[in-house]
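Below is one structure, written out as structure tokens; the observations come after it.
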Amino acid sequence: MHDFRLTAEQLEFRDAIRDFVEREVKPAAIDPKRLEPFEKPLMTGFLDQLSQMGLRGLALPEDAGGAGADLLTRCVLLEEIAAGDVDLAMVLGETALLASAAHGAMTEAQRARWVPKFEAEDRFHLALLARDGTAGRAWSYHQAVPEDAETIGEPEVVATRDGKGWTINGLAPFVSNAPVAGLFIVQAKIDGEPGTVTVLLGRDARGLEVDEALPSFGDGGERARWHHGAVASVVLNDCKVGADDVIAADAAHRMFSGMAAQRMLQTAAVNVGVARAAYEAAVDYAKMRWQGGRHIIEHQSIGMKLADVAIQLEAARALTLKAAWITDHPDAVGERHVSDLPWHVVARSFTAQALHRATLESAECFGAMGVMRDMPLQKYVHDTLVLQHSVDCDLAAPLAVAEAVAGYSR
Amino acid sequence: MHDFRLTAEQLEFRDAIRDFVEREVKPAAIDPKRLEPFEKPLMTGFLDQLSQMGLRGLALPEDAGGAGADLLTRCVLLEEIAAGDVDLAMVLGETALLASAAHGAMTEAQRARWVPKFEAEDRFHLALLARDGTAGRAWSYHQAVPEDAETIGEPEVVATRDGKGWTINGLAPFVSNAPVAGLFIVQAKIDGEPGTVTVLLGRDARGLEVDEALPSFGDGGERARWHHGAVASVVLNDCKVGADDVIAADAAHRMFSGMAAQRMLQTAAVNVGVARAAYEAAVDYAKMRWQGGRHIIEHQSIGMKLADVAIQLEAARALTLKAAWITDHPDAVGERHVSDLPWHVVARSFTAQALHRATLESAECFGAMGVMRDMPLQKYVHDTLVLQHSVDCDLAAPLAVAEAVAGYSR
Amino acid sequence: MDFSLNEEQRGWQMEARKFAEEEIRPLSLARDQIADPKATFDWKIIKRGSELGFRTLAVPKEWGGHEADFVTQALVMAELARGDSSVSKTFSQCWKWSHLIAASCTKDQKERFLKPFMADHGFVLGKGGTEANAGSDNRMPPENDPKAGWRLRAERDGDHWVLNGSKMFIANGSVAKLFFVDARTNPDANIREGSTMFMIPRDTPGFRIGKVFNKRGWRFYQNGELIFENARVPHANVVGEVNGGVKARATDKSEFGDIELAANALGICDDAVGMAMHFARNHKRAGKLLIDHQLVQLKLNEMYMLTESLRSFVLRTAWERDRKLPDYGNNVLVMNYSQEVVQRVTRANMDIHGPEGAMMHARVDKLVRDAMIWTHLAGDTVQRVKIVKRLPLTLPT
Amino acid sequence: MDFSLNEEQRGWQMEARKFAEEEIRPLSLARDQIADPKATFDWKIIKRGSELGFRTLAVPKEWGGHEADFVTQALVMAELARGDSSVSKTFSQCWKWSHLIAASCTKDQKERFLKPFMADHGFVLGKGGTEANAGSDNRMPPENDPKAGWRLRAERDGDHWVLNGSKMFIANGSVAKLFFVDARTNPDANIREGSTMFMIPRDTPGFRIGKVFNKRGWRFYQNGELIFENARVPHANVVGEVNGGVKARATDKSEFGDIELAANALGICDDAVGMAMHFARNHKRAGKLLIDHQLVQLKLNEMYMLTESLRSFVLRTAWERDRKLPDYGNNVLVMNYSQEVVQRVTRANMDIHGPEGAMMHARVDKLVRDAMIWTHLAGDTVQRVKIVKRLPLTLPT
């Protein structure tokens, strides 16, 4: 039975966040003083307040102190946060995702050790160091991926046996949430053997170093920061891990499976939030700005742009929430309620394309104001462009759909 | 609580139609002998069989012998029929829509007279002669619609008082379902007074003449038929209507309100069905056709096209079903579960654009075969083009969204 | 830099414009609306155009032709296409192969084929490469599959060759008097090294026309099936060398085929632009002329903008080919570009006209259907992929 | 028809290419990455370019300039933009107004302003029309609202005019020595009939520069706020006639401003194409060079195709303006077209490069940001709507 209502709890939670974002986050986020400079430090005050509202533990089971929210709920809420600030949404989304996945994979003893720490401190986030098995794969549409695939920015972390535990060494150049993480989930290649081992490393582990958050430009100005949330490189230098901080192999496997799909859908929801902010700004402006003898929204050229934006936005939201629900209810595919597709790719690809276009159109309604750095529109455009060209969504990303349809296996 | 499952009844009904369409309708519809000629007579045998399966009375209340299906269910089923043949879907959709609307507006006596006739005969369809109050309006984005608005093809029907009844005269050049209608719902301007009257006219009413179904070309070859379903002109020549066949004014008003929105969403669902047929044909072909040393689906250029088609198709379906559900549950807007938008315009505009593109891309996978008239792809392309350029969906259609957003009233 | 036309170019252009307007356009819709694909062709218009010189435009003066340069050819194709795209294509299909005869045929072959071609207003030319299982494989044979590509078999028998097999979608299929046909003469080699091009007169024994294909657009233009059942062709009809069929075609460096499609598309766009402007200035919606609505203004701007950009690109490329400048791929790029432009412009024309009740303007519909032909013409996607090898590292001016 | 360049055109093109490659490009990224919008400008590169003749390219020979034709100007702008689009624009902004001085100013004004302009390598020009509440209203004043458009007020006081008000987003705002400024001299008439253009030297009493706008792209290029507080300007600085400001500008028929933007966009596209091809030939994904992936081949095809179509259109239009042919709107159409092309090409360049972990190639990012400026340049949408009146009923060739 189809239903597009939210539950009373979802509505209440959504509105509370929407209210907080409108009142607090957005005015600060689009303050010209914040917009103009290249560097935009994470607004940690709001991060903590949102954590207090339950966003970090959103997906944790209730008995672990969380809200037990499914992916759909997370998408609804992340859209709200992203409409205020994209970085806050990305940080909280990643922590919520990892908290739930890790909690499921931990032993009781591990939970007993880490959950209280997580709960005790508002600014205790989670970060993952893992090689994305699919990186670069989409390009090799009709041949097996060779070993020499270029995988830029992937961590190279190696674990060496050390009694019952491990010694971990390596470097991960880009780790989301690293600047605010209290706990790192680290997947390392086992030295001299096939396979990997996954371990838990606290922020204060000896040998673990987190670099400064990534600056706007790197490599002598040849590279620009292209990432939302908080990101830094992490160095592991002879980090010792006892057997009690190792995630069991089967539990680790379960933890990783499905994690990428969930993250992609969370990102799609964040994308919707950013584009919505642009759309709402454009509608407000077009209703107020007077040129050509009338409010500009009454000019067909502007009206058409805004109509297109509204339509793309609703299409993206509808697809994202549907994909999230299906990910929450995988049986619906087998029971033939919905198509059998990699829904996370469908929603993420569509959303990224449609919403960059929509955001640019929103900015166009502002004329020259759209490109001014003291106005939020240029930032929204940039944010959606980053979302469109990122590790999980690039030129080749939709090929994963064709592959699924073709029944072709790389 | 979000849910994207179908009910057991919806699933069963959908699969029964899908099965019938796959086995019977589609092979006949894409038989080269049918595809090649310009004229494609309505496949009345299938029409009757689908009627026997309950499609005509789909939306009638169960106590009137119908299935009591909501708009969402109708959309799900119309997609299935349209995947076989667009004309069958349009005829059945129109009858189902009008049957439900008219039934709601009829008096008990009228029901007692017309429902048994409707039920007795499989090929008893319904047709509407009414001036679309919004025709041509979308063009006048920022000024009131003047009287001289061009409204091509709109009926001009006039009612003159005649005792307690009416005498109706007029001409309607394009009436959907006229060739198969057993009952006409006629909205006429009252002669010499403001306002309209709505009456019921049986096919055998004296003075009512239905022309031949519209041919492929008219006006000496200057005009091409551009319509799905069955359409013909209707002449009313001194048709007498008794008071007992008049629909009460308030009931008529209720009947018409919301009818256009429902029709647009049904049409969007039909559009999804046509594009799905094109997509499925393209996938089958691309998995079979061998060029360049592999199946063509394994070429990135083809794989990318098909991925794009799959994505557009799911976005269109997600939006159409969501819009249909909202139309079934208008309170969801006020309760802020969903945005406050003219959802029928959102879904219809998006669907028309996205699916013509998707269908053309599907055809492109066929190379030269895509344009051959003995193959179905060119027909699918044409069908989606007709759906994109039609009375309820043209260049200016999306402006209705901007208008709603702007709170601007024409 | 000079973009102006010389007198000869302007003369041909005006002649073509007049012929298109007065004679082609009036029959265009009627021919389009004939249901039987075999019956859409009209010899009268072809013969009349031939009398005016449009069939033999590209033949060297030495052989009695007009030896028009590429700029002229592009101009004429566009003008004829403005009257009817598929009639224009029927003429230019003849130019395409008269280029080849001039470039690659022996004097004897020219005597036997070019002379009769010049003498007979009803002599049109065709070319057969495509087969049911060999489309893009002909244009870009996969390296790992030497058997890919056409399979029509030709075997030597004394002074003759015996051909067996069939060709599909062949241009001017049911009307040409002479076909250039690719056949496999060494079945073990790939098509670059194992095939030969033959000239096949229509009355060749064992050769016949099968089906005429029924298309969504370009209905006047005949695409046919060629069937070879022990067809006997004299060795003297081999173009170039045995097993050198692909090379034979490569001797013609003009890459005319690509410019041809772009110039034809330009004519369709010109037609669409004229129709849209005329309609917008003469029809009202909601009390205002269409042209006074911003939506329509923006669409018209788009149509003119794309059409003028295409015209600039077509004429520049034709000039480059006349000059035989180093070929950095503009001929293919302009064809690819014309595919995008012709789709957008014909659809914008439909957007502006809109439906009229349950009817659509028949010519608006026709232009969209003709435009769809471009989606696969000359293997558009394959050409796009192939051209990358010819693209310069940085762009020249 | 001849698309080749003459020696002078080729000479300027090569000179510009060398300057762009050796001197502009090396500082392009560093300037882009300076956070303070006032600090992005670099006088050294402007003076150096001026020494090479790029600042005064368009000035008539009579006044000591190079009097380069539009084709040359277009070529030079594109080459400079290949080094950095906003540096190129800083130079061409000077040409734009030296066109106007040559066309509309008195001999006295030329003596007073054109001579110092020629003599000083640091003399650049600016123009102020836009105000906070008057953007598209200046370009297309609504008929039913005579008050619409700029409001900067100028009142006569003897031999002087007293100006009050402000201008926004003004080109070369913080660096120009002379501005052309539109002011209202009759507040009751609409701007066509009630405004006057003044030449405002930077040291005019009561005139100052306010804010320098901080933009997403074109960061080197200075857009400033002009503030007039009882600024006194001699009557001798009126361009053309009092209340004839709009007409004064109309005496310059070159419509240079539109070609300018199109040619600049062409330079960005050339840069993007070069970067994408270089990257695709030197980087692997999944074990194959990017250029061996069909997806990348199709993107490269698109980039080259669009860029070459734009080049054809730009050069044809520049030639038409040199010839002073009847103007059917190609100058606006080519500008509108450049907006579409520059967006698509710079984004395709980003598609091909892709992200590198959490970083993006800084120049790829810069080109996309610079391209965004085109979405509103010269009131793109307004121009599209306005041009419809100039479009011919059918297209000429």
Side-chain angles (χ1 to χ4, degrees), chain A residues 1-7 10-11 15 72 141-142 283 286-287 294-295 297-300 302-308 310-319 321-322 324-326 329 332 335-339 341 343 345-347 349-350 354 396 398-403 405-408, chain B residues 1-7 10-11 15 72 141-142 283 286-287 294-295 297-300 302-308 310-319 321-322 324-326 329 332 335-339 341 343 345-347 349-350 354 396 398-403 405-408:
Chain A
M1 178 69 151
H2 269 59
D3 197 337
F4 291 86
R5 287 189 196 89
L6 298 169
T7 62
Q10 286 169 332
L11 264 183
D15 288 350
L72 185 134
Y141 189 44
H142 50 66
V283 169
K287 284 165 130 170
R294 53 179 63 94
H295 289 120
I297 199 170
E298 293 170 28
H299 288 285
Q300 288 180 346
I302 297 288
M304 203 61 168
K305 268 195 220 296
L306 289 174
D308 186 57
I311 292 170
Q312 299 296 325
L313 196 56
E314 289 300 345
R317 186 184 283 129
L319 203 47
L321 293 182
K322 183 168 185 172
W325 182 89
I326 293 167
H329 302 86
E335 291 161 12
R336 301 169 52 254
H337 297 285
V338 296
S339 309
L341 288 171
W343 281 93
V345 181
V346 169
S349 300
F350 177 85
L399 284 177
V401 177
E403 185 177 73
V405 167
Y408 187 88
Chain B
M1 177 69 150
H2 269 59
D3 198 337
F4 292 85
R5 287 188 195 89
L6 299 169
T7 63
Q10 286 169 333
L11 263 183
D15 287 350
L72 185 135
Y141 187 44
H142 49 68
V283 169
K287 282 165 133 170
R294 54 179 64 95
H295 290 118
I297 201 171
E298 295 171 27
H299 289 284
Q300 287 179 346
I302 297 288
M304 202 62 168
K305 267 195 222 299
L306 290 174
D308 186 57
I311 291 169
Q312 298 296 325
L313 196 55
E314 290 300 345
R317 185 183 285 130
L319 203 47
L321 294 181
K322 183 168 186 173
W325 182 88
I326 293 167
H329 302 87
E335 291 162 11
R336 303 170 51 254
H337 296 284
V338 296
S339 308
L341 287 171
W343 281 93
V345 181
V346 169
S349 300
F350 177 85
L399 284 179
V401 178
E403 187 178 70
V405 167
Y408 188 87

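Bear in mind the structure is a predicted one, so any value in this text is a computation, not a measurement. Any value given below was found using the heavy atoms of this structure, including those in side chains, with hydrogens, waters and symmetry copies removed.
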**Fill in**
Heaviest contributor of heavy-atom pairs below 4.5 Å to chain B, chosen from A:Ser349, A:Ala316, A:Ala307, A:Ala286, is A:Ala307

**Asked** Which pair of heavy atoms, one from B:Ile297 and one from A:Ala402, lies closest together, and at what distance?
**Response** CD1-O, 4.3 Å

**Prompt:** How long is the span from the CG atom in B:Leu399 to the CG atom in A:Leu306, to the nearest 0.5 Å?
**Reply:** 10.5 Å

**Prompt:** Which bit of A:Leu321 is near chain B, if near means a heavy-atom gap under 4.5 Å: side chain, backbone, both or neither?
**Reply:** both

**Item:** Inter-residue atom distance A:Glu314.CD - B:Trp343.CH2, 0.5 Å rounding
**Value:** 3.5 Å

**Item:** Spacing of A:Met1 atom CE and B:Met1 atom CE [to the nearest 0.5 Å]
**Value:** 14.0 Å

**Complete:** dist B:Arg336:CZ -> A:Arg5:CZ (nearest 0.5 Å) comes out at 15.0 Å

**Complete:** Greatest number of non-hydrogen atom pairs under 4.5 angstrom with chain A, of B:His2, B:Arg317, B:His295, B:His329, falls to B:His2

**Asked** Taking only residues two or more places apart in sequence or in another chain, which ones pass side chain to side chain donor-acceptor pair (under 3.5 Å) with A:Lys322?
**Response** none

**Request:** Could you check which of A:Ile311, A:Val283, A:Ile302, A:Thr7 has the highest count of heavy-atom pairs closer than 4.5 Å to chain B?
**Result:** A:Ile311

**Prompt:** What pair of heavy atoms forms the shortest contact from B:Ala406 to A:Lys287, and how long is it?
**Reply:** O-CE, 3.4 Å

**Message:** If I measure from the heavy atoms of chain A, does B:Asp308 come under 4.5 Å with its side chain, its backbone, both, or neither?
**Reply:** neither

**Request:** Select, from A:Leu11, A:Val338, A:Leu341, the one with the greatest count of heavy-atom pairs under 4.5 Å involving chain B.
**Result:** A:Leu11

**Message:** Given heavy-atom pairs under 4.5 angstrom as the criterion, report whether the side chain, backbone, both or neither of B:Leu72 touches chain A.
**Reply:** side chain

**Prompt:** Of the listed residues (B:Ser339, B:Ala354, B:Ala310), which shares the most heavy-atom pairs with chain A below a 4.5 Å separation?
**Reply:** B:Ser339

